[in-house]
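Numbering of ligands and ligand atoms starts at 1, following listing order.
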Amino acid sequence: MSEHKILFTGTMGAGKTTAIAAISEVKPVSTDVHNTDTSVNKAMTTVGLDYGELTLDNGEKLRLYGTPGQQRFDFMWKILSRGALGLVILIDNSRPDPLADLDLYLDGFSELIAQAACVVSVGKTESHPLPDLDAFAQRMEAKGVLCPVLAADVRDKAQVLQLLDLLLVQLEFAS
Ligand SMILES: Nc1nc2c(ncn2[C@@H]2O[C@H](COP(=O)(O)OP(=O)(O)O)[C@@H](O)[C@H]2O)c(=O)[nH]1
Ligand SMILES: [Mg+2]
């Protein structure tokens, strides 16, 4: 049985913990600790890792990691990226500058994105439709990055599975 590592990244509150919990077949591990960053309206935040597992129909096991969101932990992004097959970038569209958030992760994970599959998932679009998907696509195009971008609500298991499908299709595991 083969195993593959998939990363979920994004700002605090973008939905890394939610997404992994939605699809993990084991009780997810989350190192959420008390948030001392008062600029973020969220009781808990992830300074470490999320971890979950999902077995695909073909028997392959996905190890799902949520990265720390904050740039000051970008040294961990590199460590986590080793051997990863795919990256899901979660965008919180209710934040002040979601396109700048995208840039942060495109740059921070540029090596992984060049070698592996990626997908950009824009969340909270029901209340915050802008920037629209075109704007994200254009931002990537400007950087020469080609990742599918779609709106998704990671509270919904089916939508998180769809994100994984989009990664796996790029890796041609879907066949
Ligand atoms: N309304 C709405 N809430 C969302 C959506 N996606 C995620 N959330 C919520 O946003 C929060 C994300 O928190 P969490 O998963 O802890 O984010 P993390 O810091 O990236 O791990 C949760 O309260 C989710 O229920 C969405 O598309 N719409
Ligand atoms: Mg979290």
Note to self: Taking ring pair (Phe, Tyr, Trp, His ring centres under 6.0 Å) as the cut-off, I'd like each qualifying pair that reaches into residues 91-110, sequence neighbours left out, listed once.
What the structure shows: Trp77-Tyr105, Trp77-Phe109
Check: Hey, are the side chains of Pro148 and Leu167 touching, using non-hydrogen atoms and a 4.5 Å cut-off?
Finding: no
Check: For ligand 1, which atoms, with element, lie under 4.0 Å from some heavy atom of Thr18?
Finding: 12 (C), 13 (O), 14 (P), 15 (O), 22 (C), 24 (C)
Item checked: Structural part of Asp92 in contact with ligand 1, heavy atom criterion under 4.0 angstrom -> neither
Next item on the list: Give the atoms of ligand 1, by number and element, whose distance to some non-hydrogen atom of Met12 is under 4.0 Å.
Entry: 19 (O)
Check: Thinking salt bridges, do Lys143 and Asp107 make one under a 4.0 Å N-O criterion?
Finding: yes
Note to self: Is it true that Glu53 and Ser24 share a donor-acceptor pair across their side chains at a distance under 3.5 Å?
What the structure shows: no
Check: Quick one: does Gly13 get a heavy atom under 4.0 Å from ligand 1?
Finding: yes
Notebook entry, point to check: For Thr125, is at least one N or O under 3.5 Å away from an N or O on ligand 1?
Noted result: no
Next item on the list: Could you note down all residue pairs passing salt bridge (Lys or Arg N to Asp or Glu O under 4.0 Å) where residues 108-121 supplies at least one of them, sequence neighbours left out?
Entry: none
Check: Taking non-hydrogen atoms only, is Lys16 closer than 4.0 angstrom to ligand 1 via side chain, backbone, both or neither?
Finding: both
Item checked: Atoms of ligand 1, numbered as shown, that sit under 4.0 Å from any heavy atom of Asp153 -> 5 (C), 6 (N), 26 (C), 27 (O), 28 (N)
Check: Does Gly69 have a heavy atom less than 4.0 Å from any atom of ligand 1?
Finding: no
Check: Is there an N/O/S atom in Thr18 at a distance below 2.8 Å from the Mg ion (ligand 2)?
Finding: no
Next item on the list: May I ask you to test the Val119-Ile89 pair for a side-chain heavy-atom distance under 4.5 Å?
Entry: no
Check: Which ligand 1 atoms does Thr11 reach within 4.0 Å, using its non-hydrogen atoms?
Finding: 20 (O)
Item checked: Trace of the side-chain hydrogen bond (donor to acceptor under 3.5 Å, both in side chains) decision for Thr55 with Glu25 -> CA-CA 8 Å; Thr55 305; Glu25 65 202 9; 2.5 Å; yes
